[in-house]
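See below for the structure under consideration.
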Amino acid sequence: MHTMVGYAFHANSTARKATMSTRELATKDPVCGMNVQSGQARHTEYQGTSYFFCSEGCQKKFEADPAGVLAARAEKESTQAMSDSDPLSPGGHESGASESTGADDTLERSTAIFTCPMHPEIEQAGPGDCPICGMDLEPKVAQVESHGDHDQYIDMKRRFWVGVTLSLPLLVIAMGPMVGVRLTDFLSSGVSSWLQLVLATPVVFWCGWPLLARGAKSFRSMSLNMFSLIAVGTLAAYLFSLVVVLVPGAIPEAFFENGVPPLYFEAAAVIITLVLLGQVLELRARQQTGGAIRELMQLAPDTAHRITDDGEEEVSLDEVQKGDRLRVRPGEKVPVDGKVVSGSSSVDESMLTGEPIPVKKSEDDDVTGGTLNQTGALVIEAIGVGGDTVLSRIVQMVADAQRSRAPIQKLVDIVARYFVPAVIVCSILAFVGWALFGPEPRLAHAFVAAVAVLIIACPCALGLATPMSVMVGVGRGAKEGVLIKNAEVLEVMEKVDTVVVDKTGTLTQGRPEVTAVETFGTWGEDDVLRMAAAVESQSEHPLAQAVVRRAKSDDLQLAEASDFNSITGGGVHARVGQHEVVIGKADLLDEQGVTGVDAGREKAGSHQAEGATVVFVSIDNSLAAILAITDPIKESTPSALNTLHHLGLKVVMLTGDAELTAKAVANELGIDEFHAGVSPKDKHEFVQKLKREGKIVAMCGDGINDAPALAESNVGIAMGTGTGVAIESAGVTLVGGDLRGVAAAGNLSRKTMSNIRQNLFFAFIYNALGIPVAAGLLYPFFGVLLSPMIAAAAMSLSSVSVIANALRLRTAKLT
């Protein structure tokens, strides 16, 4: 599931792609195979195609013989492909199974598009850091965690522990005298200074190199960020101390403490080590927030059993093509989305629906990749493969949502834009103020205050406040089957005050059954059911399927229907043998001029009062029967409605059922308001009406019939398995199709937004109090001047507090 990068871009798409960020157009030099960015590379047109080059040399070689270069490249790729597929070749795979090598992993990481979680407009081919905020970039397309995914975390952890190892003796040498540990009794002043230099140098320039490099990049691009302050502060402390050791006579006496110039090697080293600690904790937290994605991706098997003319072969999942026939044995996971060609079995679909009861599957039934085949063997035809499977789309939806930005982030962006320059100004003012008005040694105090301001004001907590909460919150929702499309949905969902729901499949089980058949005239029950089922077999409506199931359970032989016609929101019409059959609401039959409808209405009332839906069947323009169809209420519905009411939400039920049926269900469940006989168009207009009244509306629907209403609502919530339009059109998708998911989404949004506000409070209040203290506000009253090391510890603590607070969402109770 990674972005594959070609060697060229066709000319007819060049104009469109020119409007995109150059980071999106990653390609390869056809001469040497090096990855290049098309927006910055040399290029040549050949036979209507643009080719990009890493250097002038490669471009000239191509232009001298373009056909030969392309042929050589194609031959090399073909040879490589054969080598990769040959199980006897070096690096080949036995049994056709695909195993990623280190080179494959490197290639995948170098060609995948990475983006910044805080600045999604930043994209590039391969990993790196954001030029705006300095944060580590993440893959834009969700990937199964590979061998190299922990590299950065491991590298940063290694640098941290080396920093700890070298900083501890440095601290003892420099700060020991304050607690009675005087190594100067064993070391001369000169030896002590040189030892501190030796210990501090690798900490600053090896352990802290990633931090310093990001700081330098921020100044080159003038996108000042937290690493700008770290680089300036630590380098200032280190370079001042280096001058003290190498050229002590160059230090003004105003810097002297107890008659000698001070050293700040320990401050530089400890600051770097503490910042590395914050980075390690952040990287570890990010890995934990990715747990939901990894769990989802691991639901799919690694291989599939493909049936060919030569027999059966085991192939890697990424080799499966649409139309392939696959065998799924008992106990195996379904590899891709498909349709059952032969066999029958029970399939555990709990990973999608949350329902523990297996679903019977037989010929022509659909199956979903990642579900578990239990009892029998199935042969399926692959319909959705690769990124087109339901599971893949869910995974990508969660990944996109975790990287998305909540509108509240705009406040942070505005603050951050001016914050770092303002801190640098504050640092300069603190230095000037202490140098002019401070006690002796003035310059020493001024230097300490200036560095402390730079370090304590590092806005890493501010940068983590929103994205950490969003990542953890979205991941928590995914584990509950609540898929959030983006962070904006979370923020809007918190403000929702009205929830509009359908009845069938939302409040009820969505599997209705015919519970009573009342006939009129000379028609018998079996005859009516046989003809009604013949017509309804061509409809996908849940009520239609209920009629078909009843006919099959009564062992009736279905007749053949022709001239089938569906009437939206009303019913169906078809010819069965020599008879004209119309099935639908009473009003539809009235419009068709059917006789005897009033008698049917009288009989229907008692069934509707008990919550049943009544369908009218006419044969040859005369009422033949009414069918009472009951859809049991889900066991979880009452508790879910209680939760919604506890959240202060008003619940409105819109249904196409008759007034009596809707009233019975609404009374039983304690629905605040209901409207019966509502068509999809009416739902859309009703949502518009609520919004005009100032309501913030969440609309629950199936994502297809209710698409207009879903789009019109403030938050569209798609019920069901999250297939097709549901995932694409709704802000929230409930993969289980359960009303508990609506309650969970409401709770999740409130807890996440509350968590974000707590994090922002920690970050803002920390900087509001920390900067004045670091500048020396407490010195006139208590004689305390904040050490840069203490400032670094406080800065790291602020980041840890934000991370820890965000991680609390992982255990939040949603239902």
Side-chain angles (χ1 to χ4, degrees), residues 1 93-98 144 295-395 481 505 509-511 537-540 542 544-546 548-549 551-553 555 558 720-724 726-727 733 735-737:
M1 290 175 61
H93 312 305
E94 294 181 323
S95 303
S98 173
V144 177
E295 287 179 17
L296 285 170
M297 297 187 78
Q298 289 167 1
L299 289 174
D302 296 325
T303 60
H305 304 291
R306 183 164 58 192
I307 301 172
T308 66
D309 294 337
D310 299 326
E312 186 176 311
E313 60 179 354
E314 185 177 14
V315 297
S316 171
L317 202 60
D318 56 13
E319 294 180 40
V320 176
Q321 302 292 321
K322 188 174 180 179
D324 284 351
R325 293 162 71 90
L326 309 173
R327 188 181 307 281
V328 187
R329 300 185 178 110
E332 292 182 339
K333 291 181 179 179
V334 177
V336 296
D337 294 357
K339 183 178 290 291
V340 177
V341 176
S342 64
S344 62
S345 181
S346 295
V347 176
D348 180 358
E349 296 185 333
S350 59
M351 72 95 172
L352 278 178
T353 64
E355 297 294 335
I357 302 174
V359 180
K360 292 286 186 182
K361 297 291 182 181
S362 56
E363 190 173 339
D364 291 333
D365 286 338
D366 293 328
V367 289
T368 304
T371 55
L372 181 64
N373 183 31
Q374 291 193 328
T375 55
L378 297 173
V379 175
I380 68 170
E381 178 184 345
I383 294 176
V385 300
D388 292 332
T389 64
V390 170
L391 184 59
S392 295
R393 284 181 290 169
I394 289 174
V395 166
Q509 293 179 5
R511 190 177 172 84
S537 65
Q538 300 187 43
S539 171
E540 296 296 327
Q545 295 304 305
V548 175
R549 284 194 297 272
K552 289 182 177 179
S553 68
D555 294 326
L558 301 190
T721 60
T723 57
I727 280 184
T733 300
V735 294

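Remember, predicted model here, so these are calculated numbers, not experimental data.
Judged as a side chain to side chain donor-acceptor pair (under 3.5 Å), and not counting sequence neighbours, Arg325 has no contacts. Listed by chain and number, the residues in a side chain to side chain donor-acceptor pair (under 3.5 Å) with Glu312 are Arg327, Arg329 (sequence neighbours excluded). Taking the salt bridge (charged side-chain N to carboxylate O under 4.0 Å, His left out) definition, one finds that Arg306 meets it with Glu313, Asp324, sequence neighbours left out. Residues satisfying the side chain to side chain contact (heavy atoms under 4.5 Å, CB included) test with Ser362, not counting sequence neighbours, are Ser344, Asp365. Applying the side chain to side chain donor-acceptor pair (under 3.5 Å) criterion to Lys339, with sequence neighbours excluded, gives Asp366. Under the rule for a side chain to side chain donor-acceptor pair (under 3.5 Å), the partners of Asn373 that lie at least two apart in sequence or sit in another chain are Ser345. For Gln545, the side chain to side chain contact (heavy atoms under 4.5 Å, CB included) partners two or more places apart in sequence, or in a different chain, are Arg549.
Nearest heavy-atom pair across Val336 and Ala382 is CG2-CB, 3.8 Å. Closest approach of Leu317 to Ala304, counting heavy atoms only: CD1-CB, 4.4 Å.
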Take Asp318 and Ser316 through the side-chain hydrogen bond (donor to acceptor under 3.5 Å, both in side chains) test and state the conclusion after the steps.
-> CA-CA 5 Å; Asp318 56 13; Ser316 171; 2.8 Å; yes
May I have the step-by-step check of side-chain hydrogen bond (donor to acceptor under 3.5 Å, both in side chains) for Thr303 and Glu314, ending in yes or no?
-> CA-CA 7 Å; Thr303 60; Glu314 185 177 14; 2.8 Å; yes
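Taking the side chain as every heavy atom from C-beta outward, Pro335 and Val320 never approach each other to under 4.5 Å.
Partner of Ile380 under the side-chain contact (heavy atoms from CB on, under 4.5 Å) criterion, chosen from Val334, Asp337, Val341: Val334.
To the nearest 0.5 Å, atoms NZ (Lys361) and OG1 (Thr375) are separated by 12.5 Å. Note: Lys333 NZ to Asp348 CG = 10.0 Å, rounded to the nearest 0.5 Å.
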